[in-house]
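Contents: one structure, followed by commentary.
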Amino acid sequence: MTPGLLILAQADASSVDRFLQMLVNGLAVGTVYALLAMGFVIIFKATQVLNFAHGALVAIGAFLVAIVAVDLDIPGRWMPGAAEWLTWSLAAVVGVVLGGMLGLLLERLFIRPMVGEPLFQVAILTVGLDIVLRTVVDDIAGLDGRPLADPWGISTATFGNVIIPHTQLVQFGVTAFTVAALAVFFRSRTGVAMRATAFDQEAARAQGIKVGRIFGLSWFLVALLAGIAGIFVSIFPRAAGVSSATAFVAFRAFPAIILGGLDSVVGAVVGGLIIGIAESSASVYLVEFDNILGTGFSAIIGYVIMMIVLLVRPYGLFGTEEIRRV
Amino acid sequence: MLSVENLEVVYNDVVLVLRGISIEVPDGKIVALLGANGAGKTTTLRAITGLLDIHEGDVTKGEIHFNGVDITEEDPSKRVIRGISQVMEGRRVLAELTVDDNLKAGAYINRSASKVKASYGRVMTMFPRLADRKTATAGYLSGGEQQMLVIGRALMQDPKLLILDEPSLGLAPLLVQEVRDVIVDINSQGVSVLLIEQNANMALTIADHGYIMENGKMVMDGDPARLLKDEDVKEFYLGLHATGEQKSFRDVKHYKRRKRWLS
Ligand SMILES: Nc1ncnc2c1ncn2[C@@H]1O[C@H](COP(=O)(O)OP(=O)(O)OP(=O)(O)O)[C@@H](O)[C@H]1O
Ligand SMILES: [Mg+2]
């Protein structure tokens, strides 16, 4: 029995609270991983390449929200007297959509010309894009220390003895909505075309699907997801704004992607939640073993899980072993 | 309806694969295109449907007209919208998607929901076995069911011309019969058909006209009944000697080699 379950078995009020708090914290991390992982997976499915520029999209998405919400105050300046949560949320939508358009542009300028080139080259190109994007935005606009000035600040809600920041309640709601919206999208005409293209480009073209347009749309979607993740990475309780460190958060979603399966959007969500809860439970229940495991084991437990998964089930929980080209 | 004139195709800028072939598919007819492995049948299909580019192929000469319009350089999706649909060699089901989603992908160019519904209904009536397996993952269907699925997928586009590339490949004789009947059925609904086959027997028994190509050239064309009786065709494309005995693959290969020395 794991220490977590042992402690739960004693079932006194405080340990139940501790468990619930751990779960909430785990979900808070896990939903961010899920958002990040979905972005990686959608690009991977479309191009068989890990998009190393995803982190830059995360940082730039949050940065654009900061610009729109704080510097430009759009649409708040045209809506005097409107509730702050409303104007800020609208600003966030505008910022995230701008980020999406950047994704569209990047695809058109850099990725589309690489269609048909060796995958390794495409991967390296995304590494280059990541560095260039982060540097350029940082140099021109100053990425560091831009607060997003969300209306919830550090306020919290209390359920029994469990404390949840308001920002995290928003995050749960937004993630649930995003996942549901994606599920609906993937059943739509365009969504099915995207899945068809991901599976077999030539067969998709034979149906009259314009795969170039589908690639552009994938990058738009993925940049949206990155921006949404970027917001929650940059506000309380995780950070006090966008910084050059924001981009690196994306790579912490790797264990979630491997666990869920590189080519499964469902896997990205499930993997994200599992890794989030694993990290959170490790930080609560494994502290007693710090002298054996070393402090901060919770930060690497995701990678430990990832390595075990790679050994036991390399294509992850939901990944396809090789249905392709049956 | 479709006319291919003097078509020349080159792969990778150097490999000349089609050396000036011409094909006519008249309105409402079934035309068979036969040829051994590597003759250039699939290349012809790619040229007609605009999918040469991902194979690094180019049309270097000749023209393709569809209903009088020059489509030689047209975007592939436009050609599908014009009414040219294809069933690709090797089936190419979208194995990870369900049967229904495969059909939905096929209907991509069809924006009218009522038309999609009508096509879907027609496909389900034509292939009752697909109707039983709507939500099944396409990759787990049997070979015969997959062939029906990709034919159904093409029909979702409401084609005027349907091009099938070796639909009998790898199917048991009974299923080949079934595919043949399906093609006749589709044609009877007013769809012109270009049927690419190595199974000359299957194709020539339903075709209105037959072409035989070899090494990127048309070597014979004419009335299917006459082609079926032709000794050369019998020997090299039906795999039968005059005695009716099956010819082995090695003999056919040998023939090809011999031919190359001659040319
Ligand atoms: N992408 C390519 N690059 C270079 N050569 C190619 C390419 N695709 C096909 N070829 C060559 O072109 C010739 C014709 O090929 P094609 O696939 O059109 O023949 P086919 O008649 O369809 O044969 P099969 O019956 O085996 O399907 C072959 O010699 C083949 O090797
Ligand atoms: Mg072929």
Side-chain angles (χ1 to χ4, degrees), chain A residues 41-42 44-48 112-119 182-217 260-267 315-316 318-326, chain B residues 42 45-46 48-56 75-98 100-113 116 137-143 146 149-150 153-159 163 165:
Chain A
V41 166
I42 290 173
F44 186 82
K45 279 181 81 91
T47 56
Q48 274 74 55
R112 188 91 54 96
M114 297 291 285
V115 168
E117 299 294 323
L119 297 181
L182 272 180
V184 171
F185 168 74
F186 279 122
R187 278 152 206 265
S188 70
R189 166 178 172 270
T190 312
V192 168
M194 189 178 282
R195 282 156 61 209
T197 306
F199 185 77
D200 185 339
Q201 271 179 45
E202 190 182 11
R205 289 178 82 205
Q207 316 310 315
I209 295 168
K210 294 190 170 170
V211 302
R213 200 176 281 178
I214 297 289
F215 286 152
L217 185 66
L262 261 172
D263 60 352
S264 165
V265 180
V266 175
Y315 42 90
F318 293 85
T320 38
E321 194 170 1
E322 258 308 297
I323 312 194
R324 342 202 102 213
R325 317 268 177 268
V326 229
Chain B
T42 301
L45 163 76
R46 288 177 186 152
I48 297 170
T49 56
L51 296 184
L52 277 172
D53 53 0
I54 27 176
H55 297 277
E56 307 290 333
D75 185 72
S77 77
K78 280 226 185 86
R79 304 188 205 201
V80 179
I81 292 170
R82 279 189 195 284
I84 306 178
S85 295
Q86 64 174 310
V87 173
M88 299 166 83
E89 184 176 5
R91 303 187 196 121
R92 306 285 280 267
V93 292
L94 302 164
E96 287 179 11
L97 276 59
T98 62
D100 269 354
D101 284 346
N102 269 267
L103 296 176
K104 211 177 208 175
Y108 181 77
I109 55 145
N110 208 337
R111 281 173 169 281
S112 135
V116 173
T137 302
Y140 297 128
L141 298 182
S142 73
Q146 290 191 3
L149 177 58
V150 290
R153 184 172 71 186
L155 291 180
M156 292 298 288
Q157 291 148 17
D158 256 332
I163 311 178
D165 194 352

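Order of the sequence lines fixes the chain letters, A, B, ..., with proteins taken first and strands second; residue numbering starts at 1 for each chain. Because the structure is a prediction, the values reported are computed rather than measured.
Ranking A:Ala206, A:Ala193, A:Ala204 against chain B, the residue ahead of the rest is A:Ala206, based on heavy-atom pairs under 4.5 Å. When B:Ile84, B:Ile109, B:Asn102, B:Asp101 are compared by the number of non-hydrogen pairs under 4.5 Å with chain A, B:Asp101 comes out ahead. When each of A:Glu202, A:Lys210, A:Arg187 is scored by its heavy-atom pairs under 4.5 Å with chain B, the top score falls to A:Glu202.
Salt bridge absent: B:Arg46 and B:Glu89 never bring a charged side-chain N and a carboxylate O closer than 4.0 Å. The residues B:Arg92 and B:Asp165 are annotated as not salt-bridged, no charged nitrogen and carboxylate oxygen being separated by less than 4.0 angstrom.
In this structure, chain A has no heavy atom under 4.5 Å from any part of B:Ile81. In this structure, the portions of B:Arg153 lying under 4.5 Å from any heavy atom of chain A include both its backbone and its side chain. Contact of B:Asp75 with chain A is made through the side chain alone, with heavy-atom distances under 4.5 Å.
The distance from the CD atom of B:Gln146 to the CG atom of B:Leu141 is 5.5 Å, given to the nearest 0.5 Å.
There is no side-chain donor-acceptor pair under 3.5 Å between B:Asp100 and B:Thr98.
A cation-pi arrangement is found for A:Arg189 relative to B:Tyr108, the charged atom lying closer than 6.0 Å to the ring centre and inside a 45° cone about the ring normal.
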